[in-house]
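Throughout, protein chains are lettered first and strands after them, A, B, ... in sequence-line order, and every chain is numbered starting at 1.
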Protein chains: 2
Amino acid sequence: MTLDQRQTDVLFTIVRCYIQSGLPVGSRTVARKSSLNLSPASIRNIMADLAEENFIEQPHTSAGRIPSTNGFRFYLDSKLDMEILPAEVEEKIKSALVRTGPDLSQTLSQASKLLSSISNQISLVITPSQQNIRWKHIDFIQLRAGLVMSILVMEGGMVQNKIITVDSDITADDLIKFSNYLNEHYKGKTLLQVRANIFSQIKRARKRFNNLYQEALRLARESFEPDNNRQVYVDGTHYLFQDSEFTDLPKMREVFRLLEERSKLLKILDQTLESEGLSILLGQEQDWQELSDYTVISSPYSLKGDNIGLVSIIGPTRMNYSRVIPAVDLTARILSQLFNEIFEHNTIKNMPKT
Amino acid sequence: MTLDQRQTDVLFTIVRCYIQSGLPVGSRTVARKSSLNLSPASIRNIMADLAEENFIEQPHTSAGRIPSTNGFRFYLDSKLDMEILPAEVEEKIKSALVRTGPDLSQTLSQASKLLSSISNQISLVITPSQQNIRWKHIDFIQLRAGLVMSILVMEGGMVQNKIITVDSDITADDLIKFSNYLNEHYKGKTLLQVRANIFSQIKRARKRFNNLYQEALRLARESFEPDNNRQVYVDGTHYLFQDSEFTDLPKMREVFRLLEERSKLLKILDQTLESEGLSILLGQEQDWQELSDYTVISSPYSLKGDNIGLVSIIGPTRMNYSRVIPAVDLTARILSQLFNEIFEHNTIKNMPKT
DNA sequence: TGTTAGCACTCTAAGGTAAAGAGTGCTAAT
DNA sequence: ATTAGCACTCTTTACCTTAGAGTGCTAACA
């Protein structure tokens, strides 16, 4: 369904007014606010067409119109009128992120805080899924007999550690041997590849080798296991209460419930991980009852061209897209940039002493 | 101010009814619900006394009464009618926590989830402040030139790691020497003691020794630095929406804002860390605007008799204390028990292979 | 003397009605 | 093709009334 210039103009005006006020928009208002110089009556004709084609709807006979899901989608797909964030904002974010130092989790947590404060919405930052990242180094540390901590260092400066129980016969010397072996044979492969290889070895090794070897393989397997507790940094939840006059509480509650149910949340967000650049999910378009009336905007950040994590915001469908979209986009870009710089130089310059 | 038997009885009936309904309680209702066999008129006389002494108040002339902050305090200080949690609940919590394995952060996160689901309120679990815990072992791992990860293993199975930038001249061998030295000289001291000692050494070392030694000291100092990002696990935020008919949104919003402002949150909660056993803070008694109409119930968990962390819930002042208080208490006790068992045996038995 | 029935009084919550206002859709004039 | 005019619809607001809940006081009672 295509719209001509005037229809588009009217629709956009309705969307903008509705976003601003949260109230149905009447023909008078559109006539005044749009660049078209038409009388309310003419606007009404156009609006009748738009309603026919399902771009706007009417709460009741004598009310103005509000954009339908369709209408929002059309508006968003032709992302016009995006604000341009001032260069200071970019500088501010960048320097704040650099200042967090080399600790990835702090950088991402800080990114989330910044995003929520500049977008005035709930922000989400998802830690990298480390599946497709090459790893550089592994170490085992014996916490006590039978308990080992594994430390995996990845490209891009990421570190993942895990506590693993092992056979209590295993000594510190054994651990060093294990790690040397792994470092030698698997360096430079992705976690996914390493895991596949170890699995095949485990199959072969069954019954052919001694206990120690089998235990070593198990230790390796667990170390390289996908990180099932991928973190999500959430900030700015209180922004959901802005304009709460227009929101109903049960729906808000569902959002909070969703934010705590990390697995469901990740399932929703992971949809957008593969996509090129920014994506916008309207709750009503998907079949998540949790997010009807809410919209998720996400943009992936990448390392060496591969998307590894996600920056998102969740806000009411009638949020201020012109401000929020550039903010999400910018945050994701800066994170990518930061990652790749760290990776490029493989050393961190001018890092302030914490 | 002391109350006689009958006044107490009436007050408690009012508190209970108010908690249940959220509505002002009239003399008729009290007459029916209390064990006293008195007519509404007599109850009214008693209520007049209670109002006089500031235990209850009246929203307006022709309404029933609601407990004042004072009234709640009196009710809470004589914790009667606490529910007894069935033994299954205790078993369920314990086994769920043991099942999380040796990773402290997972145990605490799980504890928070369990607490919120059995109390139907927002739960908070604060990770141990590791100031007063003895440490057992330190390791340094070179992530790359100039970047080191320090791993501190504490009594009770806690692990703390930190990424630290160092002089890029420092080699892996140097790091091993450093850690050997530290392990030898400081083992068994608390973090606080180690830090004090290192500071005094740094003073003495200034200008007397070479760069390497100074850098080693700095590395040590940063490793033992107090963990400024003590975590708080928060769950069940959506429970704040129960009975939201009776709540006003700006106040709810303040709660969410507070939950994200970790430093302020910790300041509030730390008040209760030193106290023996469970403590109840009524928002209106303190001067936190953020929590008027809300109450914080906390109970510390301990290792070897020292309180190291906190289990709390935040809920509306009119929440169901008889159910919530035992839940907080139980969760804290189980955590303490778990910690001390781990510490006692210094090994984990029957740990299922994850 | 403590308890209770009775009663006048107050205040809120709920329902009903009317007027105001916003916005529409249609028709006819431009 | 555009617009002024107008009748119509529906919501919002205000105002009024009534019903009901609860109180406080007084006087009677055990």
Under the salt bridge (Lys or Arg N to Asp or Glu O under 4.0 Å) rule, collect the residues that match up with Asp49(B), sequence neighbours excluded.
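Salt bridge (Lys or Arg N to Asp or Glu O under 4.0 Å) check on Asp49(B) returns nothing, list empty.
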Protein-to-nucleotide contact annotation, 5' to 3' order, nucleotides 9-14 of chain D [B base; S sugar-phosphate only; - none; under 4.0 Å, heavy atom]
BBS---
Measure the distance from [atom1] on [X] to [atom2] on [N] and round it to the nearest whole Å.
{"X": "Ile56(A)", "N": "dG25(C)", "atom1": "CD1", "atom2": "C1'", "value": "14 Å"}
{"X": "Gln58(A)", "N": "dC8(D)", "atom1": "CD", "atom2": "C1'", "value": "13 Å"}
{"X": "Leu23(A)", "N": "dA22(C)", "atom1": "CG", "atom2": "P", "value": "12 Å"}
{"X": "Arg28(A)", "N": "dG21(C)", "atom1": "CZ", "atom2": "C1'", "value": "12 Å"}
{"X": "Asp49(B)", "N": "dG24(D)", "atom1": "CG", "atom2": "C1'", "value": "13 Å"}
{"X": "Ile46(A)", "N": "dA1(D)", "atom1": "CD1", "atom2": "P", "value": "13 Å"}
{"X": "Arg6(B)", "N": "dG2(C)", "atom1": "CZ", "atom2": "C1'", "value": "8 Å"}
{"X": "Met47(B)", "N": "dT3(C)", "atom1": "CE", "atom2": "P", "value": "16 Å"}

Short of 4.0 Å, heavy atom to strand atom, which residues of residues 64-72 of chain A count as contacting DNA chain D?
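Here the set is empty: none.
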Please list, chain by chain and in numerical order, all residues satisfying ring-ring contact (aromatic ring centres under 6.0 Å, His included) with Tyr233(B), sequence neighbours excluded.
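Result, ring-ring contact (aromatic ring centres under 6.0 Å, His included) vs Tyr233(B): none returned.
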Who pairs with Phe12(A) by ring-ring contact (aromatic ring centres under 6.0 Å, His included), at least two apart in sequence or on another chain?
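Applying ring-ring contact (aromatic ring centres under 6.0 Å, His included) to Phe12(A) gives Tyr75(A).
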Note: Glu290(A)-Arg257(A) ion pair, threshold 4.0 Å (strictly below)
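Looking at Glu290(A) and Arg257(A), the cut-off is not met.
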Enumerate the protein-to-nucleotides 27-30 of chain D contacts in which both atoms are nitrogen or oxygen and the separation is below 3.5 Å.
none

Among dT3(D), dT24(C), dT4(C), the nucleotide that comes nearest once only the side chain of Ser27(A) is considered:
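So the side chain of Ser27(A) is nearest to dT24(C).
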Donor-acceptor side-chain pairing of [X] and [Y] below 3.5 angstrom:
{"X": "Asp293(B)", "Y": "Thr247(B)", "result": "no"}
{"X": "Ser39(B)", "Y": "Ser42(B)", "result": "yes"}
{"X": "Ser123(A)", "Y": "Ser112(A)", "result": "yes"}

Any residue meeting side-chain contact (heavy atoms from CB on, under 4.5 Å) with [X], in chain and number order, not counting sequence neighbours:
{"X": "Thr317(A)", "value": "Phe72(A), Leu282(A), Gln284(A), Thr295(A), Tyr321(A)"}
{"X": "Pro86(B)", "value": "Glu88(B), Val89(B)"}
{"X": "Arg6(A)", "value": "Asp4(A), Leu36(A), Leu38(A), Ile46(A)"}

Can you tabulate the close N/O pairs, meaning under 3.5 Å, that link protein atoms to atoms of nucleotides 26-29 of chain C?
none

Considering all heavy atoms of both residues, which atom of Ser312(B) and which atom of Leu115(B) are nearest to each other, and what is their separation?
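Residues Ser312(B) and Leu115(B), closest heavy atoms: O-CD2, 3.7 Å.
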Scan the side chains in residues 23-33 of chain A for donor-acceptor partners under 3.5 Å anywhere in the protein, sequence neighbours excluded, and list what turns up.
from	atom 1	to	atom 2	distance (Å)
Ser27(A)	OG	Arg44(A)	NH1	3.1

Can you check whether Gly236(B)'s main-chain N or O pairs, donor with acceptor, with Glu260(A)'s side chain at less than 3.5 Å?
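Between the backbone of Gly236(B) and the side chain of Glu260(A) there is a qualifying donor-acceptor contact (under 3.5 Å).
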Does the Ser68(A) side chain pair with the main chain of Gly71(A), one donor and one acceptor, at a distance under 3.5 Å?
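Yes.
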Distance test, side-chain N/O of Ser42(B) to OP1/OP2 of dT3(C), below 4.0 Å:
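No, because none of the side-chain N or O atoms of Ser42(B) sits under 4.0 Å from OP1 or OP2 of dT3(C).
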Just to be sure I understand the geometry, which residues of residues 31-38 of chain A put a non-hydrogen atom under 4.0 Å away from DNA chain C?
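Correct list: empty, so none.
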